[in-house]
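Below is one structure, written out as structure tokens, with a few remarks after it.
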Number of protein chains: 2
Amino acid sequence: MSANSIAFHSDHDHQHCIEQALSSARQICSERKQRLTPIRELVLKLIWQSHKPLGAYELLPALAEAGFNSAPPTVYRALEFLQSQGLVHRIASLNAFIGCPSPDHSHDGCFLICTGCGTANEIEAASAMRDLQRQAEALGFKTQHQTIEIAGLCPNCRESAAE
Amino acid sequence: MSANSIAFHSDHDHQHCIEQALSSARQICSERKQRLTPIRELVLKLIWQSHKPLGAYELLPALAEAGFNSAPPTVYRALEFLQSQGLVHRIASLNAFIGCPSPDHSHDGCFLICTGCGTANEIEAASAMRDLQRQAEALGFKTQHQTIEIAGLCPNCRESAAE
DNA sequence: GCCTGTTGCGTTACAATGTAACAAATTATA
DNA sequence: TATAATTTGTTACATTGTAACGCAACAGGC
Ligand SMILES: [Zn+2]
Ligand SMILES: [Zn+2]
Ligand SMILES: [Zn+2]
Ligand SMILES: [Zn+2]
């Protein structure tokens, strides 16, 4: 089943998503002997609570409310850690961050970002990447990492727009 | 022949690239009844003079030198126009801009960006996009536009790194 | 437990990137 | 030439991201 399309289904049990993501993150960090500190965990939770990618500065008020320091470096450091562990991705075209639904294995992700409601959804870009890699290699270019983001209309917003 | 790989060949006649890009731009704008004003043309030329994508603020000093106003809105407006005509692309992962080698027809581009020397090169991403589109459509997602950027090492830098 | 090196965090200050708003100048069109 | 539309100048500000440094918390060995 397409766990990948879940963000576009407004009626799913998102509380479950969040808890699953957090428990999975705890396990991953423990296995890798990395420290998922309270700030890092809170930032991850805040990001997962939203289906829209969140900007770094959107996280600050919630951090302050939880009694933490809330200056930019705090949140950027947490985000950097979460990215380094593959727990969140940065969406370059939005300057925003979103939780990764499959942080346990490395993968080539592509984000479908709705220009109507802002919701984003990660899908697998492995076969598209194989194609691009082939071209790149033909030019002698050695791939390190990639940014693949598609803006468009999600099913819900498409319907609203059609009215 | 691979006009597309030209930026990775350090020995090509780049003056020729620039002039070709400018004359092509003039023709395109004239056909579309769009005004390629002095500022817009200068910005386009400055961008083409570099094989590295240029940040907006890197353009300002040159604008000032040419006697133009050089406040951010000036250059952002020129860039917006050039983008609207497909003459330059914005590279989201770098916050920078680069000239399009084929502005005459619409296309799905992918940028190969060297993390060594900063050089970038546009290649065709049509078949990769077909793949992603198929997945997107299966989720009911309607594509509007995309951002595909690959960071890695160009042939030259790869060689240097191997030493 | 206690020392000690390492990592994470608080804090300040600032850099880099991008825009809103409105006035003045220029250009197209009639 | 008059008028409307587009482009540019100008000011001021919003947003996003970092450098640097000192202190606090923690892990691992004794
Ligand atoms: Zn992912
Ligand atoms: Zn939507
Ligand atoms: Zn292009
Ligand atoms: Zn290079």
Side-chain angles (χ1 to χ4, degrees), chain A residues 25-26 29-44 46-47 50 52-85 87-98 118 147 149, chain B residues 25-26 29-44 46-47 50 52-85 87-98 118 147 149:
Chain A
R26 279 187 283 261
C29 289
S30 142
E31 281 170 4
R32 297 179 188 165
K33 307 217 188 308
Q34 297 290 321
R35 294 168 53 199
L36 189 64
T37 63
I39 290 184
R40 292 169 177 175
E41 184 167 333
L42 174 55
V43 167
L44 181 60
L46 291 169
I47 286 178
S50 168
K52 306 185 197 187
L54 287 181
Y57 280 72
E58 294 181 90
L59 295 163
L60 289 176
L63 252 71
E65 225 172 287
F68 292 105
N69 170 47
S70 75
T74 301
V75 70
Y76 278 104
R77 287 191 282 233
L79 289 167
E80 189 182 14
F81 170 82
L82 295 171
Q83 283 182 268
S84 78
Q85 298 306 313
L87 297 167
V88 313
H89 297 295
R90 180 170 190 275
I91 309 234
S93 60
L94 298 177
N95 296 334
F97 301 83
I98 192 167
T147 300
E149 298 163 16
Chain B
R26 281 188 282 260
C29 289
S30 142
E31 281 170 4
R32 297 180 190 165
K33 307 217 188 310
Q34 296 292 319
R35 294 169 54 196
L36 190 62
T37 63
I39 290 186
R40 292 168 177 176
E41 184 168 334
L42 174 55
V43 167
L44 181 59
L46 292 168
I47 287 179
S50 168
K52 305 184 197 188
L54 287 181
Y57 280 73
E58 294 180 89
L59 295 163
L60 289 176
L63 253 71
E65 226 172 286
F68 292 105
N69 170 45
S70 76
T74 301
V75 70
Y76 278 104
R77 287 191 282 230
L79 288 168
E80 188 182 14
F81 170 82
L82 295 171
Q83 283 181 267
S84 77
Q85 299 305 315
L87 296 167
V88 313
H89 296 296
R90 180 169 191 275
I91 310 233
S93 60
L94 298 176
N95 295 336
F97 301 84
I98 192 167
T147 299
E149 300 163 14

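Chain naming here is simple, since letters A, B, ... match the order of the sequence lines and numbering starts at 1 in each.
Remark: C1' of dG18(C) and CD of E58(B) are 15 Å apart, rounded to the nearest angstrom. Rounded to a whole Å, the CG atom of L60(A) is 11 Å from the C1' atom of dT16(D). Going from atom CG of L79(B) over to atom C1' of dG18(C) covers 11 Å, rounded to whole Å. Here dC9(C) presents its C1' atom at 17 Å from CG of L59(A), a figure rounded to the nearest Å. Per the geometry, CZ belonging to R77(A) stands 13 Å off P belonging to dT12(C), to the nearest Å. Atom CD of E80(A) and atom P of dG8(C) are 10 Å apart (whole Å).
Contacts between residues 87-97 of chain B and DNA chain C, defined by a heavy-atom separation below 4.0 Å, involve R90(B), N95(B), listed by number. Within residues 66-74 of chain B, the residues approaching DNA chain C are P72(B), P73(B), by heavy-atom distance under 4.0 Å. Within residues 31-41 of chain A, the residues approached by DNA chain D to less than 4.0 Å at the level of any non-hydrogen atom are R35(A), in residue-number order.
Under the side chain to side chain donor-acceptor pair (under 3.5 Å) criterion, R90(B) pairs with N95(B), sequence neighbours left out. Taking the side chain to side chain donor-acceptor pair (under 3.5 Å) definition, one finds that S50(A) meets it with nothing, sequence neighbours left out. Under the side chain to side chain donor-acceptor pair (under 3.5 Å) criterion, R35(A) pairs with no residue, sequence neighbours left out.
Using modelled atom types, no side-chain atom of E149(B) and backbone atom of I91(B) make a donor-acceptor pair closer than 3.5 Å.
From Q85(B), atom CD reaches atom CZ of R32(B) across 5.0 Å, with rounding to the nearest 0.5 Å. The OG1 atom of T74(A) sits 11.5 Å away from atom CG of L59(A), with the distance rounded to the nearest 0.5 Å. Atom CZ of residue F68(B) and atom CG of residue L60(B) lie 13.0 Å apart, to the nearest 0.5 angstrom.
Of the candidates L44(A), L46(A), I39(A), L42(A) forms a side-chain contact (heavy atoms from CB on, under 4.5 Å) with just one, namely L46(A).
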Subject >> Criterion side-chain contact (heavy atoms from CB on, under 4.5 Å) on L79(B) and I47(B), from CA distance to verdict >> reply: CA-CA 10 Å; L79(B) 288 168; I47(B) 287 179; 3.5 Å; yes
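Residues R40(A) and L82(A) share a closest heavy-atom pair of O-CD1, 3.8 Å. Here the closest heavy-atom approach between residue P53(B) and residue A96(B) is recorded as CB-CB, 3.6 Å.
One finds a side-chain N or O of Y76(A) lying less than 4.0 angstrom from the OP1 or OP2 phosphate oxygen of dG17(D).
Picking from dG17(D), dG9(D), dT11(C) the nucleotide with the shortest atom distance to the side chain of Y57(A) gives dG17(D).
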